[in-house]
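So the structure is just underneath, and the comments pick up after that.
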Amino acid sequence: KNEVEQSPQNLTAQEGEFITINCSYSVGISALHWLQQHPGGGIVSLFMLSSGKKKHGRLIATINIQEKHSSLHITASHPRDSAVYICAVSSPNTGNQFYFGTGTSLTVIP
Amino acid sequence: EPEVTQTPSHQVTQMGQEVILRCVPISNHLYFYWYRQILGQKVEFLVSFYNNEISEKSEIFDDQFSVERPDGSNFTLKIRSTKLEDSAMYFCASAGTKYEQYFGPGTRLTVT
């Protein structure tokens, strides 16, 4: 079973485009996390959300708790944004372990 | 800025051998985690550790796996008798609160 679903799985965009990645989850959560994984494999935390919206530079993350849905937006995309973006949720029912989505592979073409 | 470190970055071992993967969490963190990612698949939870004991573990974390915090700084994952299917990237994470985790760079384990 997949506690976290992401879409799309793969995304190719032209530099400068506005990008949206979606995440839906089915478990009760304490927080939702957006992570970035570069080709070398390392994982970096971008956002942790429990409500509303957060912005960091060109990245914006929103969450709708009632609908169990979150979106990650990238404005004015750049080739250096190319990476896998992973949605993960931490659930209080299971020691706050992360449940991970399968990731969205983003390629931004110059 | 404090960070989680992991050693080695790449470990190659023969099937049946024991491996120990090492992690140094951020110093004032209290919660520790191991995850793995088989090539091409999603990241999966293995185990969480708090107050010197396992707090949660997944079905993957069977008797072949163990974790330890031997000296108050290192956090290790031991695989007793490696199998081919243990080949994966293993990530350590630590957290100061329950909710925000900081990930290490990963150890790529290759079992031949």
Side-chain angles (χ1 to χ4, degrees), chain A residues 1-10 21 23-52 54 56 61 63 65 70 83-105, chain B residues 1-6 8-11 21 23 26 29-51 53-61 67 87-110:
Chain A
K1 70 176 182 187
N2 287 324
E3 294 85 1
V4 182
E5 299 276 359
Q6 278 185 247
S7 62
Q9 282 192 311
N10 297 284
I21 300 169
C23 175
S24 297
Y25 54 92
S26 58
V27 295
I29 68 169
S30 44
L32 182 140
H33 308 258
W34 281 102
L35 311 167
Q36 183 189 56
Q37 186 172 31
H38 278 282
I43 295 175
V44 174
S45 180
L46 298 175
F47 292 104
M48 182 180 71
L49 292 162
S50 52
S51 65
K54 285 191 177 179
H56 184 245
I63 187 169
I65 297 292
S70 174
V84 175
Y85 291 84
I86 302 171
C87 174
V89 299
S90 47
S91 172
N93 300 323
T94 51
N96 285 300
Q97 64 171 276
F98 276 23
Y99 293 99
F100 292 82
T102 51
T104 295
S105 178
Chain B
E1 185 174 326
E3 59 182 15
V4 177
T5 59
Q6 288 184 244
S9 55
H10 190 190
Q11 172 91 49
L21 309 183
C23 169
I26 293 172
H29 282 184
L30 301 174
Y31 301 87
F32 311 105
Y33 305 84
W34 282 102
Y35 298 91
R36 80 168 186 193
Q37 186 179 33
I38 294 170
L39 187 65
Q41 297 185 23
K42 68 178 181 179
V43 181
E44 299 171 289
F45 169 75
L46 290 178
V47 65
S48 59
F49 193 86
Y50 172 73
N51 203 24
E53 60 183 23
I54 290 173
S55 45
E56 295 284 338
K57 60 182 181 179
S58 71
E59 292 171 355
I60 303 167
F61 194 88
V67 289
S87 295
M89 183 78 103
Y90 288 81
F91 292 100
C92 168
S94 72
T97 67
K98 284 184 183 179
Y99 308 127
E100 186 160 26
Q101 297 181 24
Y102 294 82
F103 287 82
T107 292
R108 184 168 299 283
L109 176 65
T110 302

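In what follows, every heavy atom counts, from backbone to side chain, and hydrogens, waters and symmetry copies are set aside. Chain naming here is simple, since letters A, B, ... match the order of the sequence lines and numbering starts at 1 in each.
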Reported [atom1]-to-[atom2] distance for the pair [X] and [Y], which is rounded to 0.5 angstrom:
{"X": "E56(B)", "Y": "S91(A)", "atom1": "CD", "atom2": "OG", "result": "9.0 Å"}
{"X": "Y31(B)", "Y": "S90(A)", "atom1": "OH", "atom2": "OG", "result": "12.0 Å"}
{"X": "Y99(A)", "Y": "S58(B)", "atom1": "OH", "atom2": "OG", "result": "9.5 Å"}

query = Hey, do the aromatic rings of F45(B) and F100(A) have their centres closer than 6.0 Å?
reply =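 Ring-ring flag for F45(B)/F100(A): false, centres at least 6.0 Å apart.
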
Neighbour count above 12 (heavy atom, 6.0 Å) for F47(A) CZ =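 Yes, because the 6.0 Å sphere around CZ of F47(A) holds more than 12 heavy atoms from other groups.
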
task = Flag yes if more than 12 heavy atoms outside H56(A) fall under 6.0 Å of its NE2 atom; otherwise flag no.
result =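 No - once you tally the heavy atoms of other residues, nucleotides and ligands closer than 6.0 Å, there are 12 at most.
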
Contact summary for S45(A) and Q101(B), nearest pair of heavy atoms =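 Smallest heavy-atom distance, with atoms named: CB-O, 4.3 Å.
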
query = Where does T102(A) contact chain B at under 4.5 Å (heavy atoms): side chain, backbone, both or neither?
reply =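 Contact with chain B is through both the backbone and side chain of T102(A).
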
Largest heavy-atom contact set with chain A, pairs under 4.5 Å, which of Q37(B), M89(B), R108(B) =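 Maximum pair count with chain A is reached by Q37(B).
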
request  = Show your working on side chain to side chain contact (heavy atoms under 4.5 Å, CB included) between L35(A) and F103(B) and close with a plain yes or no.
outcome  = CA-CA 10 Å; L35(A) 311 167; F103(B) 287 82; 4.2 Å; yes

ask   = Between Y35(B) and chain A, which part of the residue has a heavy atom less than 4.5 Å away: side chain, backbone, both or neither?
value =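 Interface part for Y35(B): side chain.
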
inquiry  = Does any part of the side chain of F91(B), heavy atoms only, come nearer than 4.5 Å to the side chain of I43(A), both counted from C-beta?
reply    =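 Counting from C-beta outward, I43(A) and F91(B) do come under 4.5 Å.
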
